[in-house]
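Report on one structure; see the data block that follows.
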Amino acid sequence: MTTRRTNLTPYLLVAPALVFMAIFFAYPMVEAFGLAFRDNDTGALTLSYFQKMVSDVQFQPALTTTLLLIVILIPIQFAVALAMALLVNAKLKGASLFLYIYAIPLAVSELAAGIVWFNIFTNNGFLNSLLVQSGLIERPFLFLSYQNQGWLILAVVLAEAWRATSIIMVILVSGLQSIPSDYLEAAEVFGADQFRKITKVILPLLRPSLQVALILRTILAFQVFGVALAVAGTGISLLAGEAYKWYYTIRNPNVAAAYASVILILSIASTVVFLVGLRSKNGEAL
Amino acid sequence: MAEIQLNHIIKSYGKARATNDVSLTIKDKEFMVLLGPSGCGKTTLLRAIAGLEAIDSGTVTIGGRDVTNVPPRFRDIAMVFQSYAVFPHLTVWDNIAFGLRMKKLPDTEVKKRVEMSAEMLRITDYLQRFPAQLSGGQRQRVAVARALAMPSGVLLMGEPLSNLDALLRLDMRAELKKLLRDAGATTVYVTHDQVEALSLGDRIAVMKQGVILQCDSPLRVYDHPVDKFVGGFIGNPPMNFLRAAGLAAIGLIAPPGYDLVGIRAENLDSFTSPMSGALEASILVVEPLGSHNLITAKVGDEFIKVNTRAELMPEPGSKLWLKPMPDKVRWLK
Ligand SMILES: Nc1ncnc2c1ncn2[C@@H]1O[C@H](COP(=O)(O)OP(=O)(O)OP(=O)(O)O)[C@@H](O)[C@H]1O
Ligand SMILES: [Mg+2]
């Protein structure tokens, strides 16, 4: 009897979180799928909204641009975040001050971050003024034009990287700090130089943190919206932006829900990929 | 040749000196034990030899080469950590091979050394396992195997046995002694367990508050402690200390300047009747230990511990006459 009672405790402890998740995540999720795959009038299962989404001219570009954005953004962010995290963790003077300064963009809203970078790249923005004044170019260059998809994406990447790299860094710094210094000292004594210390010891031991950060970051990248809106307006289309457009501008919640379902499925798929691809071989969480 | 020379090593943390001007020469292939109570600076000294701790002043030479400013990986050392520090993400095989691969040894040589050292520590069956799948004792063997696999002349060991249970510790101690003698590396071994120090060391450096009080062979340290601290720290029970003046009555006259006498529990002959040259003691506690009895008694107002034959089983409260063996009496300041 006593064992039964103690076995209940963990479930009781996670129950509030579960209820919260059920009400605010699972239920809307099911609703969204319902909107996307159920006929509005008859309630029968249908693929018509989904087909409408796929046949829309903006769907293909939105999907490609979202994936492209992720493929470019994530490696950049991780390279920068890892370098920063290692620097912070090296406990140089002023490292923690740097950490705080670097984390400030975390507190800036997506939209505000987008506007900052819009002001840099726009026609009379900082970048153009700088280039013109220094005589490198004659007239302002139209970075953020519909014709310059490359520049548009780059601007969104920069804005998003500036805004959201520090969250990765914070995760990695806490991961680094949880690595016992003995492992690093053992690596040093047994002949590892700085580079191999990182590749052979730190990165493998950082795997759980990297996994969390990758999942978090990728899911959030599928939802990039405000930044893109502010920087590029309707210049580039992304999945989340399309969902918004179908909901508020075209006022078709069903197709909007279909977009949301695509984002959700892609998020789940990438999460599974990271969970499986980065799972521990030794069954130990360190 | 891997003689280690420590010259005037000073390392401070804030105002406190963890090692206060320590000089020590450890001969090639010698087994040196650093012994002392918690916080006396043993680990600091070991880490200074390894290069893991930057020292404030002094020099470290290994094999005649000044390595004071040389990073650990160029010092030609291997180390066993107290926490073992066996990499959790690598198999036992890869753990042992780690240092050899870093040194870019050819694969055949790596394989040979890994297998040899795994065999020595009897962990061949676990080579493909991860550390999480090993017991503490097995993990400790991996840590030792990883160090012994290295072709380095210096082996540093920081309390490697302290996390093992008592029985395993006893086994491992004997095994280590043989392994390390065969390995023939210059070894520096940190412990606060005086039995370990006595049983393993060629020499023991007894430390206290950042300085080495005495550095001698185990027998010498045990038999001729330089002061009350060393005598009291080494041996179980600790050495007895009596005021020298009290011994004049039995004909033991202290040399000028010495006011303390040290005598070990096994160096007192005990008699149940008065005896010339013996101190009268009243028995407080009798502890039978199988091979002998340990008696705690009072001589005047001073406590004394005596080993007696197992057959001698006096009652507490009765009298005992204790006669110090003259050549075992140590005069101290
Ligand atoms: N990183 C540190 N920062 C501040 N003080 C330290 C640090 N490391 C050691 N000390 C101090 O230096 C002194 C010597 O420490 P050390 O670790 O060498 O002792 P030890 O002899 O190894 O003790 P133990 O047997 O408990 O391991 C201690 O007083 C300790 O408090
Ligand atoms: Mg220590």
Side-chain angles (χ1 to χ4, degrees), chain A residues 78 82 85-87 89-95 171-215 274-286, chain B residues 43 46-47 49-53 70-92 94-105 110 128-134 139 142-143 145-152 154-160 163:
Chain A
F78 270 80
L82 186 64
L86 288 170
L87 268 178
N89 205 45
K91 310 228 163 51
L92 304 171
K93 274 223 170 67
I171 295 175
L172 296 187
V173 165
S174 82
L176 282 175
Q177 284 169 351
S178 74
I179 297 177
S181 61
D182 274 6
Y183 291 134
L184 307 180
E185 293 184 345
E188 272 174 52
V189 165
F190 284 98
D193 52 33
Q194 199 58 33
F195 179 71
R196 286 191 294 177
K197 208 163 92 182
I198 292 172
T199 56
K200 301 285 181 195
V201 180
I202 293 180
L203 284 181
L205 292 178
L206 207 52
R207 184 187 46 74
S209 307
L210 284 170
Q211 198 177 37
V212 168
L214 264 175
I215 291 172
F274 291 134
L275 281 179
V276 173
L278 285 174
R279 72 170 176 275
S280 85
K281 282 164 288 183
N282 47 18
E284 193 191 36
L286 210 149
Chain B
T43 302
L46 191 78
R47 291 169 57 83
I49 301 174
L52 293 171
E53 204 80 68
V70 173
R73 69 194 150 103
F74 296 128
R75 289 197 180 195
D76 187 32
I77 53 175
M79 188 159 175
V80 180
F81 290 77
Q82 177 173 5
S83 64
Y84 310 152
V86 171
F87 301 120
H89 61 288
L90 298 179
T91 60
V92 170
D94 290 328
N95 259 290
I96 303 177
F98 187 89
L100 305 169
R101 288 195 175 134
M102 291 297 136
K103 286 222 171 350
K104 300 218 163 67
L105 264 65
V110 172
Q128 296 316 318
R129 290 208 201 166
F130 284 98
Q133 302 160 328
L134 298 177
R139 240 173 276 176
V142 177
R146 179 174 64 181
L148 287 185
M150 295 295 284
S152 40
V154 172
L155 182 56
L156 305 176
M157 309 185 93
E159 309 206 36
N163 291 339

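Protein chains get the first letters and strands the later ones, always in sequence-line order, with residue 1 at the start of each. Keep in mind that the numbers below use all heavy atoms, side chains included, and drop hydrogens, waters and symmetry copies.
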For [X], is it the side chain, the backbone, both or neither that has a heavy atom under 4.5 Å from a heavy atom of chain A?
X: B/Val86; value: backbone
X: B/Phe81; value: side chain
X: B/Met79; value: both

Which heavy-atom pair separates [X] from [Y] by the least distance, and what is that distance?
X: B/Arg73; Y: A/Ala192; result: CD-O, 3.3 Å
X: A/Leu205; Y: B/Pro88; result: CD2-CG, 3.4 Å
X: A/Tyr183; Y: B/Phe87; result: O-CE2, 3.3 Å

_Within the supplied structure, the quantity of interest is the number of heavy atoms (other residues, nucleotides, ligands) at a distance under 6.0 Å from A/Lys197 NZ; does it exceed 12?_
yes
_Do A/Lys200 and B/Arg101 make a side-chain contact, defined as non-hydrogen atoms from C-beta onward lying under 4.5 Å apart?_
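Answer no - side chains too far apart.
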*asked:* Do B/Met102 and A/Arg196 make a side-chain contact, defined as non-hydrogen atoms from C-beta onward lying under 4.5 Å apart?
replied: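 Result yes, sub-4.5 Å side-chain heavy-atom pair found.
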